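This report concerns only the one structure given below.
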Number of protein chains: 2
Amino acid sequence: MKTFNIGELSNQSGVASHAIRFYERENLMPEPARTQSNYRRYPEDAVARLQFIIHAKQWGFTLDEIRELLMLQDANGDRAEAKRIASEQLEKIRHQIQSLSRIEAVLSKTLEECSGEGPMDGCPIVEAIAQER
Amino acid sequence: MKTFNIGELSNQSGVASHAIRFYERENLMPEPARTQSNYRRYPEDAVARLQFIIHAKQWGFTLDEIRELLMLQDANGDRAEAKRIASEQLEKIRHQIQSLSRIEAVLSKTLEECSGEGPMDGCPIVEAIAQER
DNA sequence: CTTGACCTTGAAGTTAACTTTAAGGTTATG
DNA sequence: CATAACCTTAAAGTTAACTTCAAGGTCAAG
């Protein structure tokens, strides 16, 4: 089977070498085998593991959460745990969408009210922000 | 007219004293008058200025952007500038909502597919994250 | 046999928006 | 007049997720 130096793994995965070593320190990547000269040698499936990390990050998981998911996989743990982590993530995302939507509504309405002409004094944007609630 | 020590201003505004001094260093708050013993004395309108900062933060503006807005107000600058800053903010918020909505859709669908029972091996959540795109 | 492209480690820097710590001076209260 | 509750400054710490730097060892090409 094929093995990679860290630079080759970096090219395959799109994750910088330093970030790979960082993930190792953070226990997201296992310690790989070493050559005689102490170079890291990675098995092929290291690429998939890094891509899992990348995708989970895109979904908004933190490295802490990703570590949890990876540890569950490594231990072939309980699927209920994974579902709990993902459900919490979904909740977070829904909250974010809600609060952003509220802001979007007020901000876009305010922008419509502002002609964009004239001095700051009396500007609807500023007044909307200054507004108490 | 009433004036406040920094602690009183902190109580009025809900912003920690240290944060107020931080805003002063960052040019969000003007340097206030000082007493003989070098204590800061704030005029009443400092409360409104801090509340403007708080609200703008809730709207997702960064301190850099808030500083811009405040400087425009202080200089009674051009309303068009304020509108530009707010429009950019609206764009950012809309982008965030869009990408979060995409994640929400995939994540909630994936969660429905996962019974939450059984071992990690074959868990739909993990497989969805591992998926290439 | 030297040059350049790799690899190693550990430590420090980055960003945002503060908070905490350290080491003191001032003021109000009993 | 002592003590607690304020205030002052500058500097360092916090969090996340890396990146950059420093100082060096290794390896392939010419």
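Chain identifiers are assigned alphabetically (A, B, ...) following the order of the sequence lines, protein sequences preceding nucleic acid strands; residue numbering begins at 1 within each chain. Reckoned from all heavy atoms, side chains included, excluding hydrogens, waters and symmetry mates. The structure displayed is predicted, hence computed values, not measured ones.
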| said: Between A:W59 and A:I93, is there a side-chain heavy-atom distance shorter than 4.5 Å? | reply: no
| request: Give a yes or no answer on whether the side chain of A:R49 reaches the backbone of A:L70 with a donor-acceptor pair at less than 3.5 Å. | output: no
| query | When you match B:H18 and A:D64 each to their closest nucleotide on DNA chain D, which lands nearer the 5' end? | reply | B:H18
| field | Contacts of A:E44 that satisfy side-chain hydrogen bond (donor to acceptor under 3.5 Å, both in side chains) - sequence neighbours left out | value | none
| query | Going only through I, L, V, M, F, W and Y residues with side-chain contacts under 4.5 Å, is there a path from B:I54 to B:V47? | reply | yes
| task | Specify the residues of residues 2-11 of chain B, ordered by number, for which at least one heavy atom lies under 4.0 angstrom from an atom of DNA chain C. | result | none
| said: For DNA chain D, which residues of residues 22-45 of chain B approach it to below 4.0 angstrom with any heavy atom? | reply: B:R34, B:N38, B:Y39, B:R40
List, one per line, each side-chain donor-acceptor pair under 3.5 Å for residues 111-130 of chain B, sequence neighbours excluded.
{"unit_1": "B:E113", "atom_1": "OE2", "unit_2": "B:K109", "atom_2": "NZ", "d": "3.4"}
{"unit_1": "B:S115", "atom_1": "OG", "unit_2": "B:E117", "atom_2": "N", "d": "3.0"}
{"unit_1": "B:S115", "atom_1": "OG", "unit_2": "B:E117", "atom_2": "O", "d": "3.4"}

| task | Please collect all side chain to side chain donor-acceptor pair (under 3.5 Å) contacts where either partner lies in residues 2-12 of chain A, sequence neighbours excluded, each pair once. | result | A:T3-A:R41, A:N5-A:R41
| message | Using the salt bridge (Lys or Arg N to Asp or Glu O under 4.0 Å) criterion, which residues pair with B:D78? Sequence neighbours excluded. | response | none
| message | Restricting to salt bridge (Lys or Arg N to Asp or Glu O under 4.0 Å), what partner residues turn up for A:K57, sequence neighbours left out? | response | none
| Reading DNA chain C 5' to 3', which nucleotide is the first, and which the last, to come under 4.0 Å of any heavy atom in chain A? | C:dC6 to C:dT9
| field | Qualifying salt bridge (charged side-chain N to carboxylate O under 4.0 Å, His left out) pairs, either residue in residues 60-70 of chain B, two or more places apart | value | B:E26-B:R67, B:D64-B:R67, B:E65-B:K92, B:E68-B:R84
| request: Keeping to residues at least two apart or across chains, list the salt bridge (charged side-chain N to carboxylate O under 4.0 Å, His left out) pairs with something in residues 12-22 of chain B. | output: none
| message | What residues from residues 84-98 of chain B pass a heavy-atom cutoff of under 4.0 Å to DNA chain C? | response | none
| field | Stepwise salt bridge (Lys or Arg N to Asp or Glu O under 4.0 Å) test for A:E24 and A:R40 | value | CA-CA 11 Å; A:E24 185 181 323; A:R40 288 172 177 80; 2.8 Å; yes
| Results of side-chain hydrogen bond (donor to acceptor under 3.5 Å, both in side chains) for B:R79 - residues two or more places apart only | none
